[in-house]
Amino acid sequence: MFPPPLTPADQLLPHLRSQGYAVLDADAVRALAGVQADALDALARDWDDLPPDRHLKDGGRYRRRRHACFVAEHGALRELPHRAHWQPRDYNALHGGIERWFEPVLPATVAQPAWRALPLWLARVADALRGAQAWWGEAHQFRIDTTDGIGRPTPEGAHRDGVDLVAVFLVGRRAITGGETRVFELDGPRGQRFTLLQSWSALVMDDARVIHESTPIQPRDAGRAGHRDTLVLTLRAGGFPAPAS
């Protein structure tokens with residue numbers, strides 16, 4: 001198990017510009033997003049109420065999730081009506097090209113201060129990298145479990161998301177092994193592998209420059225299922241991708 005290559009909070013933007021990604025510990029996330037530890041702890045409890053993902057093409061039953069959309073601009077966050085999640089096949093060979101309707105994030109979750117603080121912070125990062133503008137965002141609550149013996153955080157393999165900026169927050173891990181994160185240059189030989197272990201640590205990526213994946217998880221103890229919870233936020237300039245007409 002490789003420890004994450006942590007980035008100091010004040011070096012987030014230089015690291016994103018120089019290598020296309022940065023890894024932050026929970027202290028850095030809290031400081032940069034302006035959110036308290038107790039607010040994040042309260043938010044994490046909502047991962048216990050995620051419905052099954054019924055769109056897995058590999059036939060698995062290991063993923064639960066909810067989905068929400070928003071626009072972040074000028075320091076304000078506007079929630080959008082529920083919509084399908086869609087990706088081109090170029091970015092997701094397994095699940096691309098289809099409209100996937102997931103259950104919406106619960107209103108009580110959306111109302112929590114930490115839920116709003118995290119995408120607003122990410123939008124400030126995107127403004128600094130690309131210039132201030134409206135950012136069209138998606139939020140995904142994921143639980144990957146080992147009920148059937150193995151869970152796959154990224155069944156599509158190493159990929160890009162087709163957006164501008166991606167943040168993967170580790171909400172928590174319980175009774176599992178695996179779940180290694182891997183980040184590679186899009187057009188180069190360099191890569192990094194590590195395992196996020198600390199709740200509310202995060203991987204932030206410039207999606208145009210790197211590809212990423214997480215390895216499968218297995219139960220740590222025989223006969224005891226475990227899980228890995230994450231919050232994935234994506235931001236995209238110019239609107240959401242849309243199916244070709």
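Computed from heavy atoms alone, side chains included, the values below leave out hydrogens, waters and symmetry copies.
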- Query: Phe194 and Leu6: same hydrophobic cluster, using ILVMFWY side-chain contacts below 4.5 Å?
  - Reply: yes
- Message: Give me each pair satisfying side-chain hydrogen bond (donor to acceptor under 3.5 Å, both in side chains) with a member in residues 117-129, each pair once, sequence neighbours excluded.
- Response: Asp127-Trp135
- Side chain to side chain, Tyr62 and Ile217, heavy atoms closer than 4.5 Å: no
- Message: Let's go through Arg160 and Ile211 carefully: what are the C-alpha distance in whole Å and the side-chain angles of both, what is the deciding distance for side-chain contact (heavy atoms from CB on, under 4.5 Å) to 0.1 Å, and is it a yes or a no?
- Response: CA-CA 5 Å; Arg160 292 167 57 207; Ile211 58 176; 3.5 Å; yes
- Quick one: are Leu56 and Pro155 in side-chain contact, heavy atoms under 4.5 Å? yes
- So CG of Leu106 and CD of Gln112: to nearest 0.5 Å the spacing works out to 10.0 Å
- Just do the side-chain contact (heavy atoms from CB on, under 4.5 Å) check on Thr181 and His212 with the steps written out, would you? CA-CA 7 Å; Thr181 297; His212 64 281; 5.7 Å; no
- Any donor and acceptor pair, going by atom type alone, linking the side chain of Arg228 with main-chain N or O of Leu170 inside 3.5 Å? no
- Which value, rounded to the nearest 0.5 Å, describes the distance between Asp221 atom CG and Ile176 atom CD1? 11.5 Å
- Task: Using the test side chain to side chain contact (heavy atoms under 4.5 Å, CB included), find all partners of Gln198 that sit at least two apart in sequence or belong to another chain.
- Result: Asp25, Ala26, Ser201
- Query: Which pairs pass side-chain hydrogen bond (donor to acceptor under 3.5 Å, both in side chains) with one or both residues in residues 187-196, sequence neighbours excluded?
  - Reply: Tyr21-Gln192, Glu180-Arg193, Glu185-Arg190
- Message: Hydrophobic clustering (ILVMFWY, side-chain heavy atoms < 4.5 Å, transitive) - are Val163 and Phe240 grouped together?
- Response: no
- Task: Decide yes or no on side-chain contact (heavy atoms from CB on, under 4.5 Å) for Phe142 and Arg64, but give the supporting numbers first.
- Result: CA-CA 6 Å; Phe142 287 105; Arg64 295 175 173 271; over 6 Å; no
- Between His82 and His67, is any pair of side-chain heavy atoms under 4.5 Å apart? yes
- Item | Gly178 to Thr215 - nearest heavy-atom pair and separation | C-OG1, 4.2 Å
- Intermediate values then yes/no, side-chain hydrogen bond (donor to acceptor under 3.5 Å, both in side chains), Thr177 and Gln218: CA-CA 5 Å; Thr177 62; Gln218 301 86 34; 3.3 Å; yes
- Over all atoms of both residues, closest heavy-atom pair of Val105 and Ala68: CG2-CB, 3.6 Å
- Message: Are Leu16 and Val204 packed together at the side-chain level, in the sense that at least one heavy-atom pair is separated by less than 4.5 angstrom?
- Response: yes
- Show the numbers, then the answer: is there a side-chain contact (heavy atoms from CB on, under 4.5 Å) between Thr234 and Trp136? CA-CA 8 Å; Thr234 65; Trp136 300 77; over 6 Å; no
- Any donor-acceptor pair under 3.5 Å linking the side chain of Ser18 with the backbone of Pro14? yes
- Check: Asp161 main-chain N/O paired with Asp207 side-chain donor or acceptor under 3.5 Å: yes
- Message: Could you check whether any side-chain heavy atom of Asp48 comes within less than 4.5 Å of a side-chain heavy atom of Arg143, counting everything from C-beta outward?
- Response: yes
- Query: Just wondering, do Val166 and Leu233 contact through their side chains at under 4.5 Å, heavy atoms?
  - Reply: no
- Item | Cluster overlap Leu186 with Leu235, hydrophobic side-chain contacts below 4.5 Å | no
- Message: For Arg236, is there an ion pair with Asp164 - N to carboxylate O distance below 4.0 angstrom?
- Response: no
- Query: Is it true that Val232 and Leu122 fall in one hydrophobic cluster, defined by side-chain heavy atoms closer than 4.5 Å?
  - Reply: no
Which pairs of donor and acceptor atoms, one on a side chain in residues 69-80, lie under 3.5 Å apart (sequence neighbours left out)?
none

- Task: Could you grab the distance from atom CG of Leu50 to atom CG of Asp53, nearest 0.5 Å is fine?
- Result: 10.5 Å
- Quick one: pull up CD1 in Ile144 and CG in Asp229 and give me the separation to the nearest 0.5 Å. 9.0 Å
- Query: Taking side chain as C-beta onward, heavy atoms only, is Leu165 less than 4.5 Å from Leu129?
  - Reply: yes
- Query: Taking all atoms of both residues into account, what is the closest heavy-atom pair of Pro241 and Arg83, and its distance?
  - Reply: O-NH2, 4.1 Å
- Note on the structure: Nearest heavy-atom contact between Ala114 and Val35 is CB-CG2, 3.7 Å
- Donor-acceptor contact below 3.5 Å, side chain Arg152 vs main chain Gly157: no
- Query: Can you name the nearest heavy-atom pair linking Ala117 to Ala33, along with the distance?
  - Reply: CB-O, 3.9 Å
- Task: Work out which heavy atom in Glu138 is nearest to a heavy atom in His140; give both atom names and the distance.
- Result: CB-NE2, 3.8 Å
- Message: Tell me whether Thr154 contacts the main-chain N or O of Ser214 through its side chain, where contact means a donor paired with an acceptor under 3.5 Å.
- Response: yes
- Side chains of His55 and Arg100: do they bring a donor and an acceptor to under 3.5 Å? no
- Query: Taking the inter-plane angle between the rings of Trp47 and Trp200 on a 0 to 90° scale, is it parallel (under 30°), tilted (30 to 60°) or perpendicular (over 60°)?
  - Reply: perpendicular
- Check: Glu103 and Pro51 side chains under 4.5 Å, non-hydrogen atoms: yes
- Do you reckon Val29 sits in the same ILVMFWY cluster as Val168, going by side-chain contacts under 4.5 Å, direct or chained? no
- Task: Say whether, by atom type as modelled, one donor and one acceptor occur between the side chain of Arg174 and the main chain of Gly226 under 3.5 angstrom.
- Result: no
- Item | Main-chain N/O of Phe169 paired with Thr230 side-chain donor or acceptor, under 3.5 Å | no
- In terms of ring plane angle, is the pair Phe102 and His85 parallel, tilted or perpendicular, where the classes change at 30° and 60°? tilted
- Query: Do Ser199 side-chain atoms and Val171 backbone N/O form a donor-acceptor pair below 3.5 Å?
  - Reply: yes
- Message: Within a 6.0 Å radius of atom CD on Gln11, are there more than 12 heavy atoms belonging to other residues, nucleotides or ligands?
- Response: yes
- Quick one: list whatever passes salt bridge (Lys or Arg N to Asp or Glu O under 4.0 Å) with Asp46, sequence neighbours left out. none
- To the nearest 0.5 Å, atom CZ of Arg63 lies from atom CG of Asp58 at 8.0 Å
- Salt bridge present between Arg17 and Asp206 (N-O < 4.0 angstrom): no
- Item | ILVMFWY cluster membership beyond Met1 - transitive side-chain contacts under 4.5 angstrom | Leu197
